[in-house]
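A short worksheet on the structure shown next.
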Amino acid sequence: MKLDRSYQLFLEALKYLPSGVTYGNRYSEPYPIYLERAEGQYVWDVDGNRYVDLWMGHGALIMGHQYRPVVEAAVEQLRNGAHFGYSHEWEVKWAKQVCSMVPSIKMVRPTNSGTEANMYAVRLARGYTRRTLIGKFEGGWHGGYDGLQIGVTYPVDRPSSLGITENTARDTVLLAYNNLEETERRVKGRNLACIVVEPVMGAGGFIPAKREFLKGLRELCDREGIVLIFDEVITGFRLSPGGAQQLYGVIPDITVLGKAVGGGPFPAGAFGGREDIMELIDLRKHPHPYERVFHGGTYSGNPLTMRAGYTLLTELAKGEVYRHINRLGDRMRGRLEEMADGHPLHITGIGSLVCLHFTKEKPYDIHTANRTKNVEMAKEYFRHLLSKGFIFVPPHVPHLFISASHTEETIEQICDVTEEFIRARLV
Ligand SMILES: Cc1ncc(COP(=O)(O)O)c(C=O)c1O
């Protein structure tokens, strides 16, 4: 495979961008592949190679690359004005659509990223409860906000970035994913403002929560007056039109959204929930700034993102796409599980989310996903897939996003090349 131009770009990038990339998880050894174009399930690099994409814009592109209705709506909006800084019709349509799809959301506000949405959700919960401490789960990734970038990376014994103060770290209580008893023990007597949880742990490797665990969390929060926040940045609009909460039948107080909520290709996030909580942002009900929670930003609710988001969501609301992507996901997990049997390889995921764990034990939390993990094997698998024309990042976490543009044939091909890999490397 010829990669001369990617290499040249990387050498140039190293001079101006730390580690040569714009986001650490886009880095791969010996150097990242630079893309030029994308369409449907494919991406093309600057050296003319074509790959089947299994990363799909960090999972944002549920319909695949360049989904026509969104592209056309966006082009028209670019002509009308992509950034007004005033109110407009598309934000009203978008908000109504989000509220009609996500069971917990009665009112909503847009942001520019999932990170930002989580930050505001936590602030809202603190404002509502007048409490300080926030609960989150070991291994849970909610973006780069200080209060939540704690206990993300294994072995979760310190903040997952430099620059997070001890005071901030003290205000975050780490909880045990899929372990209700231990979580209750850690929550007891702490007076938490909120608990933030991903119904399916994403960056941790697509580890679904057990239904009883999520139900138990709901009851715990009700008993203790804690605001339950579901981070559905990945699962929202992906697992069903109403996200994981619809699938699990567990309704949080606040839901955080991202990725697809802005149509897929545009920077987006959102948070929404119960009316009595969201009202704390309302300047008509709370005229004095000291009595309300601030939210806003230059680009929040920009017409480009709102129109693109509305266009995508109205299509997803029909529900048809889920039959296709979930069937592909079931097929892929089914075949991979069969071939992994008896090997240090475990398959997790749900719906259109599929992850391969090169571990000796089946992962159900951050510890089981990491303590026996063979990182080098995961990277080797990445290189194997790449050499066969399949691409994803980051190389050490093969968590794969299936989109509506993927086909049954593609899924069989991925399984075939994985089987080759298992036969050659995991005997
Ligand atoms: C579950 C979850 N929450 C929050 C975020 C942060 O979203 P963003 O990258 O848009 O800031 C991500 C990003 O992948 C995520 O997976």
For [X] and [Y], which heavy atoms make the closest approach, and how far apart are they?
{"X": "Gly140", "Y": "Val152", "result": "O-CG2, 3.4 Å"}
{"X": "His346", "Y": "Pro363", "result": "CB-CD, 3.8 Å"}
{"X": "Tyr177", "Y": "Ile207", "result": "OH-O, 3.4 Å"}
{"X": "Met332", "Y": "Ile411", "result": "CB-CG2, 3.7 Å"}

Would you call [X] and [Y] a salt bridge, using N to O less than 4.0 angstrom?
{"X": "Arg218", "Y": "Asp253", "result": "yes"}
{"X": "Glu315", "Y": "Lys318", "result": "yes"}
{"X": "Glu408", "Y": "Arg331", "result": "no"}
{"X": "Arg371", "Y": "Glu361", "result": "yes"}
{"X": "Glu76", "Y": "Arg307", "result": "yes"}
{"X": "Arg423", "Y": "Glu419", "result": "yes"}

Parallel, tilted or perpendicular: rings of Tyr31 and Tyr7 (30°, 60°):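 Answer is tilted, since the angle falls between 30° and 60°.
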Taking the inter-plane angle between the rings of Tyr381 and Phe358 on a 0 to 90° scale, is it parallel (under 30°), tilted (30 to 60°) or perpendicular (over 60°)?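 Correct class here is tilted.
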Do you see a donor-acceptor pair shorter than 3.5 Å between the side chains of Gln41 and Ser403?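 No donor-acceptor contact under 3.5 Å links the two side chains.
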Can you find a side-chain donor-acceptor pair between Thr359 and Thr372 that sits under 3.5 Å?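 Thr359 vs Thr372: no donor-acceptor pair found between side chains.
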What do the steps show when you test Phe213 against Phe137 for ring-ring contact (aromatic ring centres under 6.0 Å, His included), and what is the final call? CA-CA 12 Å; Phe213 171 70; Phe137 288 88; 5.5 Å; yes
Would you say the side-chain atoms of Thr305 pair up with the backbone N or O of Ala268, donor to acceptor, closer than 3.5 Å?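 No.
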For the side chain to side chain contact (heavy atoms under 4.5 Å, CB included) test, which of Leu217, Val197, Asn178, Val173 pairs with Thr183?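 Output: one option passes, namely Leu217.
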Kindly indicate whether the side chain of Val108, heavy atoms from C-beta on, has any atom under 4.5 Å from the side chain of Trp94.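 Side-chain contact under 4.5 Å: yes.
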When you measure from the centre of the six-membered ring of Tyr364, is the NZ or CZ of Lys210 closer than 6.0 Å and no more than 45° off the axis?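 The answer is yes, since Lys210 meets both limits relative to Tyr364.
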My understanding is that only residues two or more places apart in sequence, or in another chain, count here; which of them pass side-chain hydrogen bond (donor to acceptor under 3.5 Å, both in side chains) with Asp45?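 Partners of Asp45 by the side-chain hydrogen bond (donor to acceptor under 3.5 Å, both in side chains) criterion, ordered by chain and then number, come out as Asn49, Tyr51.
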Just checking His58 against Tyr23, ring centres under 6.0 Å apart?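 Here the rings of Tyr23 and His58 have centres that are less than 6.0 Å from each other.
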Does the gap between the ring centers of Tyr42 and His65 come in under 6.0 Å?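 Centroid separation for Tyr42 and His65: 6.0 Å or greater.
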